[in-house]
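Just below is one structure, and these are the notes that go with it.
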Amino acid sequence: MAIERTLAIIKPDAVGRGLAGDILKHIHEAKFKIVAIKSLRLTKAEAEGFYAVHRERPFFKDLTEFMTSGKLIVMALECENAIARWRDTMGATDPAKAAHGTIRKTFGTSIQNNCTHGSDAAETARAEIGYFFSGMELV
Ligand code: GDP
């Protein structure tokens with residue numbers, strides 16, 4: 001199986017509730033390598049750019065407001081099959097439907113405030129990692 005990279009975000013709800021350490025523990029226990037990591041706050045335009053694929057969805061305004069409401073922790077994670085493995089580690093989008101032991105089930109409070117983001121495919125992972133990190137930061 002190929003070594004992949006995926007973009008992971010600890011969202012403002014989780015950072016604000018002091019859950020970053022607990023979520024990083026899940027990441028370490030699942031044996032991801034953290035290739036790059038930084039903390040930042042998105043502008044509205046930056047959040048809209050990141051979620052451009054959801055522009056027509058009814059929750060787009062709420063989602064982009066939520067994602068600009070506080071600091072994020074953004075990471076490029078690497079391991080075999082990283083994209084699917086990180087999505088498994090997070091659990092389903094809606095915490096109420098996520099499997100037991102997943103990050104979203106354990107810490108998420110709503111379908112929007114679900115604590116983490118993960119890329120959904122190889123192409124989006126490449127684009128999303130490039131949205132946040134320069135080539136030099138990924139060496
Ligand atoms: P993901 O790939 O599991 O993050 O899910 P999506 O790509 O479908 O949605 C992106 C993000 O939008 C989710 O992680 C949630 O934070 C948010 N979201 C998804 N569905 C809804 C919804 O029905 N209402 C609201 N308010 N937010 C949503």
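Numbering of ligands and ligand atoms starts at 1, following listing order. Throughout, residue positions are numbered sequentially from 1 according to the sequence presented. This structure is a prediction, so every number in the text was calculated from the model and none was measured. Computation of the quantities below employed the complete heavy-atom set of this structure, encompassing side-chain atoms and omitting hydrogens, waters and symmetry-equivalent molecules.
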Non-hydrogen atom of [X] closer than 4.0 Å to ligand 1:
| X | answer |
| --- | --- |
| R104 | yes |
| H54 | yes |
| D120 | no |

- Query: Going by the atom numbers of ligand 1, which of them fall below 4.0 Å from some non-hydrogen atom of K11?
  - Reply: 13 (C), 14 (O), 15 (C), 16 (O)

- Query: Does a side chain donor of either K44 or T64 reach within less than 3.5 Å of an acceptor in the other side chain?
  - Reply: yes

- Is the number of heavy atoms from other residues, nucleotides or ligands under 6.0 Å of K97 NZ greater than 12? no

- Query: In Å, rounded to the nearest 0.5 Å, how long is the span from CD1 of I111 to CG of D62?
  - Reply: 12.0 Å

- Message: Would you compute the distance between atom SG of C115 and atom CD1 of I9 and round it to the nearest 0.5 angstrom?
- Response: 13.0 Å

- Give the ring-plane orientation class for W86 versus F32, where under 30° counts as parallel, over 60° as perpendicular and anything between as tilted. perpendicular

- Message: Check the orientation of H117 and F50. Use parallel for under 30°, tilted for 30 to 60°, and perpendicular for over 60°.
- Response: perpendicular

- Closest heavy-atom pair and its distance - L72, K11: CD2-CA, 4.2 Å

- Query: Can you tell if the side chain of I34 reaches within under 4.5 Å of the side chain of L24, non-hydrogen atoms only?
  - Reply: yes

For ligand 1, which part of [X] has a heavy atom less than 4.0 Å away: the side chain, the backbone, both, or neither?
| X | answer |
| --- | --- |
| N114 | side chain |
| I111 | both |
| R87 | side chain |

Starting from [atom], what is the nearest protein heavy atom, named by residue and atom, and what distance separates them?
| atom | answer |
| --- | --- |
| atom 5 (O) of ligand 1 | T93 OG1, 3.3 Å |
| atom 28 (C) of ligand 1 | F59 CD1, 3.5 Å |
| atom 17 (C) of ligand 1 | L63 CD1, 3.8 Å |
| atom 26 (N) of ligand 1 | Q112 OE1, 3.3 Å |

- Message: Evaluate R57 for polar contact with ligand 1, using N/O atom pairs at a separation under 3.5 Å.
- Response: no

